[in-house]
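Encoded as structure tokens, here's the structure I'll be asking about.
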Amino acid sequence: MRWLVGWSSAAAAPAGRRGSARSTANGGRRAAGYPDPHADSRTGHHVDHNAGRSSGHNSGDAYGSRDPYDSYGPYGHAPHTAHLPDGSDGVLQPVGAQVLWGGPDPLWAVGDWRPDEIRVVEARPGDRLAVFGCCGATDEELRLGLIAARGGAFRHLTAWPGSYTAVACVGRRITIAADLAGARPVFHVPWAGGTAYATAALPLADLVEAELDFGHLAALLACPEAPEALGEGTPYRGVRRVPPGHALIVRDGGSREVTSYESSASLVVGAPPVDPEAAVAGVRDALVEAVRARLTAPRHAAEHDIDVGAVRDPGPVPGMGPADRQRARGGPAPGVGADLSGGPASGTLALLAAGLPGTPGTVFGSGAAGAGERLLAVTFNDLTLGGAADPNGTAGADSHLAELERAHTIADNPRLRHVVVTGGEETLPYADLANGPLTDEPGPSLVTAERHRHRLGAGSADHFLGVGARQVIDAHPARLADLLLDRRRRHLVRPVAALARAEGQAQGQVGGRSLRVPVTIYRAARRLARTPYRDGVVETAAQLRDSSFTAAAFAPYPEGGESAVDASVAALTWCRPGPAARWLTGEALAEVSLRLEATAQSRPSVERPGERRARAALARAAADHRVLEQAVEIRNQRLHSPYFDNQVVRAARGLPEALRVRPGARASILRAALAGAGVHDVPPGWGAPTHATHHAALRTGVRLAAEQLLELFRAPLLAEAGLVEARVVRQAIQRVARGEQLPVEGIADLVSMELWLSRLLARRGTCWTGAAAPRHRAAAAGVHPDARYERILPPTAG
């Protein structure tokens, strides 16, 4: 896991402990704000790392004796106050960190960052900007953004192509911006009279010895897509999250401010309409630039691909395909690759990456790329599905075989090198739950980590993923209420008719329930449009406290993809419970309902219901993808999700709602993006839904892993924390294994939360090192009742 961490301390360093007189010449100049004369023009990195290290350790001059408060990083010996700001003498710094700059506001990078993934530029002494990740801006553009941020226009720090985190230090004012989607979050916590911040919550929890926030964990299970319940909290008590689209500003180690850098949409009914063609062109350009930013970055390969003595790909081997030979070598293929599932999202990225002129995917002549500079396209074939359609009949033409056929058709592109990775029962969800890394936060993707790791093991060093396209481009069902607020009833005709046709096909006939679909959808949309935000949230809170809600814990569950109409009607609300809410205890549900009511009373929203629900769904998807990245991390591999990039999200938010709600809008928008890159032929069935196979795999996984899941919930930590009753969860697992229509996504939420808790409490180390570090460890009290805290009740009237 890669993260950055720093703090802004209100306390000064102890006298004589700042180490400025002991730093090297270049390190001292950089710490004072001067540019490095030996820095690379592209990345801003100091080139002669080993020479600087040698001179610092072996020379006999005054610089050879290093102060313990100096840290060596890629920019030389940077003096910093890496000590406890409360005045004690203990040294404290992250484990395995490299310091980027010092002073009273130090910044570290932790993890296996690539050299081109960390860039530091300076505009004048004392003003510097660090960019972590893949950023398509040049050094001059970064300096211009720093100058703009110095004047307060820090939105410019988020307007470059790519996915990155920017930290601007102007004097003693630090600005760090979270992205729009939530895939690159920022966390902060008060500490020692100042503020500590990081791109991971666990290091900050270790720093302040935070205990678990059981109210937040209950909200994650009860209402995972409700910002009213989650708020700005994290699973660790006291550690706060910067909301998507906001930035954290810390001044002089004291004042702390979280402010939005993105303008909200206009609520004026008479606002000028957006040109659909211009909006689609904006999405196309943003997507092309996002892909180009990855392709123009330096290419990377694993050690075995560049080591002379390493074993290279021996070529065709009887009984071994390219993916098998690559896994035998022990790492991803060099260069750039992409997923190719057969859907429009991954297919668009693969064709864009392969079709952009002058940017081939792989490195010629290295490893498995000896056939030429072609993009590696990876398709996963789930053998457990047997090529049959979903048993509920909702997959239709988008059966597993049809999806594979589209992938093969796309792979006919001569600039693609197609690899099919097969997986059986060993790659189903809930496989190999005993092994896995500790992620920063819990997420339902923990139960599918082995499935994704098996596919990504055959991928490239830089691998494109098509996740996020549905949440970024598609229209949330609640946007139908936004159309009613704009008095655009005629735009409801197409989506409602499409839902009626889908309902008729699911029933095998046109009639019956399908004839009532238009009235049902229109009533639900009109009810949401007429319901104030506060009333809608309070209604959900009352639903959680209603005894009939928990009494229906094992009632049939029509949502979750079985019926598009039922899912759309359920989504036409301001807030709704998640699939695991029905199995929580009454105490946990009551606590979540208090959170909902308190938020509705104290912070009323002025957003449209569709816009707010869409932002919440995007944030939930991005957060789960971040957990997935950490759970399936493979050495020397980077996963790229361009649909979560700031510029792509901005361009997609500019799409008019009337265009979004049209059937097949995502497929047509992505087709326009391909046309702008010169790709005009797409396979038949382009844009067909592809989520049915995911639900089928989840159900099959529960059936095959039922004994392991029952053993996991024999004495679960969730029950010890008072969030669930073990007996109820075991009964739910048994019923799902028998084939009953219960929310299988809820089982995934519970299992992933239990896994995360067990891995967190089983850890013995900490993220910090130094004389004061041994006592710093999060969740040291476990999940015992005495570790719980006093509930925060909603404000009383008057």
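Only a predicted model underlies this, so the values are computations on that prediction, with no experimental measurement involved. For reference, positions follow the sequence shown, starting with 1. The basis for the numbers below is simple: all heavy atoms, side chains too, and nothing from hydrogens, waters or symmetry mates.
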Test salt bridge (charged side-chain N to carboxylate O under 4.0 Å, His left out) on Asp206 and Arg763 and set out the steps. CA-CA 12 Å; Asp206 280 348; Arg763 67 191 289 255; 2.8 Å; yes

Can you confirm whether Leu230 sits close enough to His216 that some side-chain heavy atom of one is under 4.5 Å from a side-chain heavy atom of the other? yes

Candidates Val258, Val250, Val239 - the one meeting side chain to side chain contact (heavy atoms under 4.5 Å, CB included) with His188: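 Checked Val258, Val250, Val239 against His188; only one passes side chain to side chain contact (heavy atoms under 4.5 Å, CB included): Val258.
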
Quick one: does Trp113's side chain have a donor or acceptor within less than 3.5 Å of a partner on Val110's backbone? yes

Would you please say whether a donor-acceptor pair under 3.5 Å links the side chains of Arg256 and Ser8? no

Suppose we screen for salt bridge (Lys or Arg N to Asp or Glu O under 4.0 Å). Which residues come up paired with Arg240, at least two apart in sequence or across chains?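 If we apply the salt bridge (Lys or Arg N to Asp or Glu O under 4.0 Å) test to Arg240, skipping adjacent residues, there are no hits.
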
State which residues pass ring pair (Phe, Tyr, Trp, His ring centres under 6.0 Å) with Phe187; sequence neighbours excluded, sorted by chain then number.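 Not a single residue meets the ring pair (Phe, Tyr, Trp, His ring centres under 6.0 Å) criterion with Phe187.
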
For residues Leu212 and Val783, determine if any side-chain heavy atom of one lies less than 4.5 Å from a side-chain heavy atom of the other. yes

Partners meeting salt bridge (Lys or Arg N to Asp or Glu O under 4.0 Å) with Glu141 (sequence neighbours left out):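 For Glu141, no residue satisfies salt bridge (Lys or Arg N to Asp or Glu O under 4.0 Å) once neighbours in sequence are set aside.
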
Arg294: what forms a salt bridge (Lys or Arg N to Asp or Glu O under 4.0 Å) with it, not counting sequence neighbours? Asp645

Looking at Glu262 and Arg653, does any basic side-chain N land under 4.0 Å from a carboxylate oxygen?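 No, no charged N to carboxylate O under 4.0 Å.
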
Would you say the side chain of Val170 lies within less than 4.5 Å of the side chain of Thr175, judging by non-hydrogen atoms? no

Answer yes when Arg241 and Glu441 have at least one side-chain N-carboxylate O distance shorter than 4.0 Å, and no when they do not. yes

Contacts of Arg620 meeting side chain to side chain donor-acceptor pair (under 3.5 Å) (sequence neighbours excluded), chain-then-number -> none

Glu228: what forms a salt bridge (Lys or Arg N to Asp or Glu O under 4.0 Å) with it, not counting sequence neighbours?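 Arg612.
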
Using a 3.5 Å distance criterion without hydrogens, assess whether the side chain of Arg764 forms a donor-acceptor pair with backbone atoms of Ala762.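 Flag set: sc Arg764 to bb Ala762 pair under 3.5 Å.
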
Check for me whether the distance between the ring centres of Trp7 and Trp108 falls short of 6.0 Å.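 Yes, close enough.
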
